[in-house]
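Here's the structure, in structure tokens; my notes come after.
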Amino acid sequence: MTTTRTTAASALLLLSALALAGCATTPGAAASGNTGSSGSDAGSAAPSQDADVEAAWLDGGRAVGLVTYGSSSCQPVVGEVTASGQTVTVELSDPEGMACTRDYAPRASYVGLPTGVDPTQDVDIVVSGGYTGDADLDGVAGLEGSTGGVNDEMLPSAGWFDDAGLVLLTWGSSSCPPVFETVALDGDAVRATEATPAADQVCTMDYAPRLSVVAVEGVSDDARPGEIVLVSPAGDEQRISIIG
């Protein structure tokens, strides 16, 4: 569980409103201090800006979803990731030369963990570079941690980062992350129904991790669901355990 709460709650409420309006819940990033007169900004952050940072376990403890707040259209760039014991340092910066929308939303970046980090024990995450901040992750029994290789299975996974917010990892085209039409509690699970893609949608041919920040209304810290049910546009269902 991370230490930041007030900013997370506010941003998640905004995210819920955008989702109801048909906006995509997509990972991205930008500095809130950028300026411009056209409604979008160059995505260049001032060095070492303080940031609210949160994190969620993903991929069986091999990775984390690092949550920051800012423009939804510009995803932060993850640089070098190092570890000293249970302290993980992540270089994070804004992309250069990009125009970023001036909204304010939670975005998640995929961070593969170095070998030697034990996800069954508490982990401190320190962010350096264009952003500065830190987050704490509670250890979770049963997580395996990184072995230094690529996870060939590339299965979806999810983890809680806040009382009412989770990070969802899926794999596919980096330019076409899933967009959810509805997200709601369904008994002891979260049900997320994916919207039908536009007929003229064009996706790149890469295969990469896509992180979505999902806001779930009505969840309390002592009774959070342990599963999320992903419903495809065709109605197919996939159950995924939520870590945390």
* **Partner of Gln86 under side chain to side chain contact (heavy atoms under 4.5 Å, CB included), chosen from Asp122, Ile125, Asp124, Asp118** => Asp118

* **Identified side chain to side chain contact (heavy atoms under 4.5 Å, CB included) partner of Pro106 from the options Val214, Val213, Val167** =>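 When Val214, Val213, Val167 are each tested with Pro106, the side chain to side chain contact (heavy atoms under 4.5 Å, CB included) holds only for Val213.
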
Distance (rounded to the nearest 0.5 Å) between [X] [atom1] and [Y] [atom2]:
X: Asp162; Y: Glu54; atom1: CG; atom2: CD; value: 5.0 Å
X: Ser174; Y: Met205; atom1: OG; atom2: CE; value: 12.0 Å
X: Arg107; Y: Ser73; atom1: CZ; atom2: OG; value: 9.0 Å
X: Ser109; Y: Leu92; atom1: OG; atom2: CG; value: 5.5 Å
X: Asp50; Y: Asp134; atom1: CG; atom2: CG; value: 10.0 Å

Decide yes or no for [X] and [Y]: does some side-chain heavy atom of the first lie under 4.5 Å from some side-chain heavy atom of the second?
X: Arg210; Y: Leu169; answer: no
X: Gln238; Y: Pro156; answer: yes
X: Val90; Y: Val126; answer: no
X: Leu66; Y: Val127; answer: yes
X: Pro197; Y: Pro233; answer: yes

[X] side-chain N/O to [Y] backbone N/O, donor-acceptor pair under 3.5 Å:
X: Thr193; Y: Val231; result: no
X: Thr68; Y: Val53; result: no
X: Ser157; Y: Asp59; result: yes
X: Trp57; Y: Leu137; result: no

* Aromatic plane relationship, Tyr110 with Trp171 - under 30° parallel, 30 to 60° tilted, over 60° perpendicular -> perpendicular

* For Pro225, enumerate each residue passing the side-chain contact (heavy atoms from CB on, under 4.5 Å) test, keeping only those at least two apart in sequence or located in another chain. => Trp160, Leu185, Val190, Val219

[X] and [Y]: side chain donor to acceptor below 3.5 Å:
X: Thr101; Y: Ser71; result: yes
X: Ser146; Y: Thr115; result: no
X: Asp103; Y: Ser72; result: yes
X: Asp94; Y: Tyr131; result: yes

Restricting to non-hydrogen atoms, name the atom on [X] and the atom on [Y] that form the minimum distance, rounded to 0.1 Å.
X: Glu144; Y: Pro119; value: C-CG, 3.9 Å
X: Thr120; Y: Gly142; value: CG2-N, 4.1 Å
X: Cys176; Y: Val202; value: SG-O, 3.7 Å
X: Gln75; Y: Pro95; value: O-CD, 3.4 Å
X: Ile228; Y: Ala158; value: CG2-CB, 4.2 Å
X: Gly112; Y: Ala63; value: CA-CB, 4.0 Å

* **Worked verdict on Leu211 versus Leu168 for side chain to side chain contact (heavy atoms under 4.5 Å, CB included)** => CA-CA 6 Å; Leu211 270 59; Leu168 173 66; over 6 Å; no

* Asked: Does Asp206 CG have over 12 foreign heavy atoms under 6.0 Å away?
  ->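 For Asp206, atom CG is crowded (more than 12 foreign heavy atoms under 6.0 Å).
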
* Consider only side-chain heavy atoms of I, L, V, M, F, W and Y, link residues closer than 4.5 Å, and tell whether Leu143 and Val117 are in one cluster. => yes

* Asked: Do Tyr104 and Phe161 belong to the same hydrophobic cluster, where Ile, Leu, Val, Met, Phe, Trp and Tyr are linked whenever their side-chain heavy atoms lie under 4.5 Å apart, directly or via other members?
  ->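 Yes, Tyr104 connects to Phe161 through the hydrophobic network.
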
* Please step through side chain to side chain contact (heavy atoms under 4.5 Å, CB included) for the pair Val183 and Val216, ending with a clear verdict. => CA-CA 7 Å; Val183 176; Val216 187; 4.2 Å; yes

* Please step through side chain to side chain contact (heavy atoms under 4.5 Å, CB included) for the pair Thr82 and Val88, ending with a clear verdict. => CA-CA 6 Å; Thr82 58; Val88 177; over 6 Å; no

* For side chain to side chain contact (heavy atoms under 4.5 Å, CB included), just list the numbers for Val81 and Thr89, CA-CA rounded to whole Å, side-chain angles, deciding distance to a tenth of an Å, and then say yes or no. => CA-CA 6 Å; Val81 181; Thr89 300; over 6 Å; no

* **Residue pairs involving residues 233-244 (criterion salt bridge (charged side-chain N to carboxylate O under 4.0 Å, His left out); sequence neighbours excluded)** => Arg191-Glu237, Glu227-Arg239

